[in-house]
Amino acid sequence: MTYDQIFLSLGSEIPPQAPSVPAGLNFVLYKQVGNVLHLSGYGPFWGNDVAPGFSGKLGSELTKEQGYAAARLTAINLLMIVREAIGTLDNVQEILEVTGFVNSTDAFTDQPFVINGCSDLLGFVFGDAGKHIRAAIGTNTLAFNLSVEISISLILAE
Amino acid sequence: MTYDQIFLSLGSEIPPQAPSVPAGLNFVLYKQVGNVLHLSGYGPFWGNDVAPGFSGKLGSELTKEQGYAAARLTAINLLMIVREAIGTLDNVQEILEVTGFVNSTDAFTDQPFVINGCSDLLGFVFGDAGKHIRAAIGTNTLAFNLSVEISISLILAE
Amino acid sequence: MTYDQIFLSLGSEIPPQAPSVPAGLNFVLYKQVGNVLHLSGYGPFWGNDVAPGFSGKLGSELTKEQGYAAARLTAINLLMIVREAIGTLDNVQEILEVTGFVNSTDAFTDQPFVINGCSDLLGFVFGDAGKHIRAAIGTNTLAFNLSVEISISLILAE
């Protein structure tokens, strides 16, 4: 199967609507420079809303397994943005970078486990080409009370 | 009006001194790689000092509207750094990326509203060329008790 | 002395083992795009473990001087990754970017002092070529309870 076919095999895990930015705002979800595609930070949305159960802080409101699932859904949203940008994931050469922020209590230190939910999804879709450099950072709060917010950049086939 | 003229039309909103790094430190405020200009993180300074009222945490010490104003002033400082680097904003092709950190209580979740203060200023100066990818992240504390700290990168006309 | 010789002159400050990623994970410690080398976020490790005394929060468990030392050790680890990637530091043209997160109490605001531990080490090894853009950000918690986590990118000689 190609990258795009593997992604589509996720079936009902894929939200019904691709991410979008409300009208009137001065930012966008992706931007290409040369053969590098940079994406805005995004979260575990299901269409326009945060997916049920994926708001709140790791270490109190969510278990690390729930955080992993939130990071996986975020990765699926990010790949939907890539598909909007370039049409098909088959035009991806490799994933460059993942920067993940985890909404955490002061004592929660399993950010890498949580962000593995994103990294492993990228590995599932792209195999070795999905391997990326990474930072997995804790924070005391995130927009919309998201449990995770993740940015990626990737290299396009020329 | 050109980008540079629009920026200068901000008049008394522009601090009297451009940002600088104290002598003896091993970092700089900007660095160019190919046609991409990368800037260090910066805050709502007025010359050498944090602007009065722009220190502290969103959610307790500052309202989100004050945070928006702090992000706007930060954007003005960042564009002053760009002018130091390349002489005139007319040599900017487009804004690539905005990464904004918002000094926040654990319960504050309006980081996007706050960082819009930067994004909207970039839209005012550059129009559609000011649209960028973005991450707006909360944090429990920032250097010098800044309310916001923002990094940008931008693409230069060749 | 060359960059690599200056680095090796750090002697017993250099951990006995280079950083590595456990098997089965979907991220890597470095990735090259064109002549830019990007590194994953890393911390003050001594081989496979966090160096004794370099876990915990600035502002309560560690002094800012201890944080500075942790950032210095992190920089040494990062340069070990660069040596793994390209063989010798003599192939570095200049340091591009340092992004440092400091595990901080809500009241700690000396993140720049802490991250100077990394910046100054880069200045020691590379001189003016070590000067970089930088963001020094506070956070309420980090993976493995690290005191600091730092990412760098750098430009390679062609």
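Reckoned from all heavy atoms, side chains included, excluding hydrogens, waters and symmetry mates. Numbered from 1 within each chain, the chains take letters A, B, ... in sequence-line order. Predicted model only: the values in this text are computed from it and were never measured.
The contact between C:I95 and chain B is made entirely by backbone atoms, counting heavy-atom distances below 4.5 Å. Of the two parts of C:V114, neither the backbone nor the side chain holds a non-hydrogen atom closer than 4.5 Å to a non-hydrogen atom of chain B. The contact between B:F27 and chain C is made by backbone and side chain atoms together, counting heavy-atom distances below 4.5 Å. Neither the backbone nor the side chain of C:F126 comes within contact range of chain B; no heavy atom of the residue lies under 4.5 Å from a heavy atom of that chain. The contact between C:L96 and chain B is made by backbone and side chain atoms together, counting heavy-atom distances below 4.5 Å. Using a 4.5 Å cut-off between heavy atoms, B:L29 touches chain C through its backbone atoms (N, CA, C, O) alone. If you measure heavy-atom distances from B:L39 to chain C, the contacts under 4.5 Å come from the backbone alone. Neither the backbone nor the side chain of C:T99 comes within less than 4.5 Å of any heavy atom in chain B.
Two residues are said to be in side-chain contact when any heavy atoms from C-beta on lie closer than 4.5 Å; C:I137 and B:E149 meet this criterion. Put simply, the side chain of B:T141 reaches to within 4.5 Å of the side chain of C:T109, judged on heavy atoms.
Counting heavy-atom pairs closer than 4.5 Å to chain C, the top residue among B:N103, B:T105, B:V28, B:T139 is B:V28. Per-residue heavy-atom pair counts under 4.5 Å with chain C were compared for B:A143, B:G41, B:G138, and the maximum is reached by B:A143.
With rounding to the nearest 0.5 Å, the separation of CD in C:E97 from OG in B:S153 is 8.0 Å. Once rounded to the nearest 0.5 Å, the distance linking CG of B:D106 with CG of C:D106 reads 6.5 Å. The structure places CD1 of C:I115 at 13.5 Å from CG of B:N26, a figure rounded to the nearest 0.5 Å. Put simply, NZ on B:K31 and CD on C:E94 are 4.0 Å apart, with the number rounded to the nearest 0.5 Å.
In this structure, the side chain of B:S40 does not engage the main chain of C:I133 through any donor-acceptor pair within 3.5 Å. In terms of modelled atom types and a separation under 3.5 Å, the side chain of B:N140 and the main chain of C:N140 share a donor-acceptor contact.
Annotation: side chain to side chain contact (heavy atoms under 4.5 Å, CB included) contacts of B:D90 (sequence neighbours excluded): B:T2, B:Y3, B:D4, B:T88.
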